[in-house]
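Every chain is numbered from 1 and lettered A, B, ... according to where its sequence line falls, protein lines coming before strand lines.
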Protein chains: 2
Amino acid sequence: MNTEPFLNLDRLIHEKGRLAMMSLLAASTEVSFTELRDTLSMTDGNLTTHIRTLQEAGYVAVTKSFQNNRPLTTCTLTPKGRAAFSAYIDLLEQIVRQSKTP
Amino acid sequence: MNTEPFLNLDRLIHEKGRLAMMSLLAASTEVSFTELRDTLSMTDGNLTTHIRTLQEAGYVAVTKSFQNNRPLTTCTLTPKGRAAFSAYIDLLEQIVRQSKTP
DNA sequence: CCATTTCACTTTGATTGGCAAAGTAAATTC
DNA sequence: GAATTTACTTTGCCAATCAAAGTGAAATGG
């Protein structure tokens, strides 16, 4: 068995919540705080910290604005984040393929 | 996007180290402590706790014996562990497929 | 032989990380 | 104008990871 893919899994992405976030962001162009929270049924606090983690990694860009006199936080994947996610998915693919071929 | 696969990922398996362990165990019939440690380049302490975690979950069976007058700990997947791993891999497959089809 | 080292683990703090309860500020409702 | 709702952020707790140190038995070296 090849252990490389496991060792190379990006810790920042390899977490249920953040993996789901990255997948959502990769699928759509931009997603709001409330959309993320409701779609992934996360608590507000939990989501805030995950967003910050990904932001500090340079994986997502966060835009804060106002809409209908209410704060609106939207997230998008940065090119760096998209690349990291793509690489991560490739590793997952290897892991799946590996375990499916005995 | 379907968020179900993410939410259902088994926490006990979804950790780099333990995922690698489970994959190794799924591939071979039984693996020794030292093999696991060396193959996955883990520290001893780290490996012990991961083994215990999986054992307490009923995912791996641990056998302690002696060989050449030295302790020998070998791990195997239980049927429960095999089922859990299989389910986990199926979810990974869904996640990969999902992200590959825009 | 006795001391030291090696081997195969286990136990132990220490740091990190995830998570939700509580907090904040502005707008809305009653 | 008091209470509630919305959209977050901050704080604190608890669990989990990780490696350094510890253990006990065997092998090695002087």
Looking at [N], I'd like to know if its phosphate oxygens (OP1 or OP2) sit under 4.0 Å from a side-chain N or O belonging to [X].
X     : N      : answer
B/T48 : C/dC9  : no
B/K16 : D/dC18 : no
A/H50 : C/dC19 : yes
B/R11 : C/dC19 : yes

In whole angstrom, what separates [X]'s [atom1] from [N]'s [atom2]?
X     : N      : atom1 : atom2 : result
A/K64 : D/dT9  : NZ    : C1'   : 9 Å
A/Q67 : C/dA27 : CD    : P     : 15 Å
A/L7  : D/dT17 : CG    : P     : 16 Å
B/L47 : D/dA16 : CG    : P     : 18 Å
A/R52 : D/dA7  : CZ    : C1'   : 15 Å
B/I51 : D/dC18 : CD1   : P     : 14 Å
A/E15 : C/dT16 : CD    : P     : 18 Å
B/H14 : C/dG18 : NE2   : P     : 10 Å

message = What's B/T53 touching, base or sugar-phosphate or nothing? Going by heavy atoms closer than 4.0 Å.
response =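 Counting heavy atoms under 4.0 Å across all strands, no contact is made by B/T53.
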inquiry  = Classify B/L72 by what it touches in the nucleic acid, base, sugar-phosphate, or nothing, heavy-atom distance under 4.0 Å.
reply    =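 The residue B/L72 makes sugar-phosphate contact but no base contact.
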Nearest 0.5 Å, what's the [atom1]-[atom2] distance between [X] and [Y]?
X     : Y     : atom1 : atom2 : value
A/L36 : B/T3  : CG    : OG1   : 11.5 Å
A/N8  : B/K16 : CG    : NZ    : 7.0 Å
B/L24 : A/F6  : CG    : CZ    : 7.5 Å

task = Take B/S65 and B/L72 through the side-chain contact (heavy atoms from CB on, under 4.5 Å) test and state the conclusion after the steps.
result = CA-CA 5 Å; B/S65 62; B/L72 177 67; 3.9 Å; yes
ask   = Can you check whether A/M22 reaches A/L77 side chain to side chain, under 4.5 Å on heavy atoms?
value =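 Yes. Closest side-chain heavy atoms under 4.5 Å.
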message = Give me the atom names and distance for the closest heavy-atom approach of A/R18 to A/R11.
response =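 Looking at all heavy atoms of both residues, the shortest contact is NH2-O, 3.6 Å.
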key: Closest heavy-atom pair and its distance - B/L12, B/L54   =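 So the two residues come closest at O-CD2, 4.1 Å.
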ask   = Using a heavy-atom distance cut-off of less than 4.0 Å, which residues of residues 27-37 of chain A contact DNA chain D?
value =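 DNA chain D contact set from residues 27-37 of chain A: A/F33, A/T34.
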message = I'd like to know if B/K100 and A/D90 make a salt bridge, using a cut-off of under 4.0 Å between side-chain N and carboxylate O.
response =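 So B/K100 pairs with A/D90 through a salt bridge.
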Name the pairs: protein N/O against N/O of nucleotides 19-28 of chain D, kept only if under 3.5 Å.
| unit_1 | atom_1 | unit_2 | atom_2 | d |
| --- | --- | --- | --- | --- |
| D/dA19 | OP2 | B/T43 | OG1 | 3.3 |

Side chain to side chain contact (heavy atoms under 4.5 Å, CB included) involving A/T76 - partner list, sequence neighbours excluded =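 Expected list: A/E30, A/A61.
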